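All figures in this text were calculated on a predicted structure; none of them were measured in a lab.
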There are 2 protein chains.
Amino acid sequence: MVGGMQIRTPACRPGRPRSAAADTAILAATREALVELGWSKLTLGDVATRAGVAKTTLYRRWSGKNELVVDAVAELFGELELPDRGSLAADIEGVVLQFAAILARPEAKSGLMAAIAESTRDDALRERIRASIVDPQKGLVLEGRARAQARGELPPETDPAEAARTVDLIFDVVAGAVVHRTLVSAEPADEEWVRGFTRVLLQGLSSASVPPGPYGPAAASGTSGTSGTSGTSGTSAASGTSGD
Amino acid sequence: MVGGMQIRTPACRPGRPRSAAADTAILAATREALVELGWSKLTLGDVATRAGVAKTTLYRRWSGKNELVVDAVAELFGELELPDRGSLAADIEGVVLQFAAILARPEAKSGLMAAIAESTRDDALRERIRASIVDPQKGLVLEGRARAQARGELPPETDPAEAARTVDLIFDVVAGAVVHRTLVSAEPADEEWVRGFTRVLLQGLSSASVPPGPYGPAAASGTSGTSGTSGTSGTSAASGTSGD
DNA sequence: GAGCTTTCGATACGAGTCGTAGCGTAATGG
DNA sequence: CCATTACGCTACGACTCGTATCGAAAGCTC
């Protein structure tokens, strides 16, 4: 899962086994370097020095910066969980907040996005990202969806192909929105934003300011009756279309 | 708008004016190099050679690779338009398809994402991206929203602060979803996907399989098989995560 | 323990890029 | 004509890359 999973079993190869401590030290050093230097100024020689290993050791396990950073960042997203919070809206809000918290960390920001950028020209890298980061997240979407259907919050899906497409769509919408909010808009995906996002996701824009209707029983938002929304401070809304 | 907007007026500075042709040649060469080499292997010396200018000329106008690529990519997104297609859904589908078409181009993919990744550690770069790429797109959201409210498709917004938040939210959802679909999932944001996305955006997940009004579900599962994959019944979900 | 296999640390190396400096020339304005 | 600025070209030190090489260490098999 980390660098190579081919060894580990003692009865596999005769020689000296690879140091597992070196793996964790290298990955931790990579995250540390990402925080301090960012992607572009991160050098493998520096990571090796931080980890206390030789540069050659690093190159024996990872073929380059891309793969190393992906593995280092993937460990961050392994923390994601989806506890049952009682309603679909609460489940979404919970996992989105977790995702946003991870994405707010500097090592995740620069590392993940740069790796994705590189993956547009490197199929093997894209596959590695998908297997170690994306697919586990998609599993959470499946889990939450199944729970919601069991609760009756979502209509059960009859066509399996349609269901697969829907899951992919939801995943792109959720992950994409949080990533865009955090990295491009560079504003925090805090509780208030997550509440608004969840409302749009579940009920759509058409009923944006209309109180919840068909499916939203008490699930509007787990912790609050947000109906009042604290907006005041009227700066300008639709003033100049072309900003700047 | 391109490299530097401080000159241009003949009565401003005495000496030889900068060649406007060089600007366009450099930006075009940058996009060409992005297509052939991608972000990581793109070198400023190579761009200068392609553009037929000296490397020093390039450094006089742009401080580095980041700024150059942002300007080169920004010209791509300048093509975005929002013609009135008669309904909010049609407007959304149209502009999203345009956005997806631009994002499908290799120079946009690797260039934009790498620049965004770098912008997490460079405030000036983030501001440049915002001013030249993000804000114009947000203007389209404002325009479409105003049209929809004029048509009565969306409730008119009373609180300006709330409206501004909603616009930001919509923008993050739309742009983020398309970017994630194109770059992370690495699948095309084609018409079928855009239809499904628009439906979720307007009506939410709760009414996912309820046939909406204007757009018939006839096209919902038309072309492209992709059948099988990802068991539906998966109540346990966690097991067969790796779909596709 | 002897012998084999593999990993590890350290160093050195050619290749490539970076960003800048220097110089002479070209183009514009006073 | 002269001042000023942009341009093309060359060259340079500094840095990183990825690899090769070497001796030493750590584990397995016998």
Residue from B/V73, B/V47, B/D71, B/V69 passing side chain to side chain contact (heavy atoms under 4.5 Å, CB included) with B/L27: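 Among B/V73, B/V47, B/D71, B/V69, the one that satisfies the side chain to side chain contact (heavy atoms under 4.5 Å, CB included) with B/L27 is B/D71.
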
When you check the phosphate oxygens OP1 and OP2 of D/dA6, does a side-chain N or O of B/R18 lie under 4.0 Å from one of them? yes

What I want to find out is whether A/R85 reaches A/E93 closely enough, with some N-O distance under 4.0 Å, to be called a salt bridge.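 A salt bridge is absent here (no side-chain N lies under 4.0 Å from a carboxylate O).
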
B/G15 or B/T43, whichever maps to the more 5' nucleotide of DNA chain C: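 Its nucleotide being nearer the 5' end, the pick is B/T43.
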
Using the closest heavy atom to pick a nucleotide of DNA chain C for each, name whichever of B/R60 or B/G64 lands nearer the 5' end. B/G64

Could you give the [atom1]-to-[atom2] distance, from [X] to [N], as a whole number of Å?
X     : N      : atom1 : atom2 : value
A/K41 : C/dT17 : NZ    : P     : 20 Å
B/L68 : C/dG19 : CG    : C1'   : 15 Å
A/N66 : D/dG18 : CG    : C1'   : 14 Å
A/D23 : C/dT7  : CG    : C1'   : 12 Å
B/D46 : C/dC18 : CG    : P     : 9 Å
A/L44 : D/dG18 : CG    : P     : 6 Å
B/W62 : D/dA6  : CH2   : C1'   : 14 Å

Can you tell which of [options] lies closest to the side chain of [X]?
X     : options                : result
B/P17 : C/dT28, D/dT4, C/dA26  : C/dT28
B/Y59 : D/dG18, C/dT20, D/dA6  : C/dT20
B/A54 : D/dC9, D/dG18, C/dG19  : D/dC9
B/K55 : D/dA11, D/dA25, D/dT19 : D/dA11

For a quick check of understanding: with a heavy-atom distance under 4.0 Å over all strands, which category does A/T56 fall into, base, sugar-phosphate or nothing? base

Which residues in residues 110-126 of chain A have at least one heavy atom lying under 4.0 Å from any atom of DNA chain D?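 Output list: empty, so none.
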
As an exercise, state the distance from CG of B/D168 to CZ of B/R165, rounded to the nearest 0.5 Å. 9.5 Å

Just how far is it from atom OG1 of B/T120 to atom CD of B/E118, taken to the nearest 0.5 Å?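 Answer for the OG1-CD pair, B/T120 versus B/E118, is 7.0 Å.
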
Given the ring of B/W39, does B/K65 sit roughly above its face, with NZ or CZ under 6.0 Å from the centre of the six-membered ring and within 45° of the axis?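 Cation-pi check for B/K65 and B/W39: passes.
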
Would you call A/V70 and A/W62 a side-chain contact if the rule is heavy atoms closer than 4.5 Å? no

What about A/R16, does its side chain sit under 3.5 Å from the base of C/dT6 through a donor-acceptor pair?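 By the distance-only test, no, there is no pair.
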
Take atom CD in A/E81; do more than 12 heavy atoms of anything else shown fall under 6.0 Å from it? no

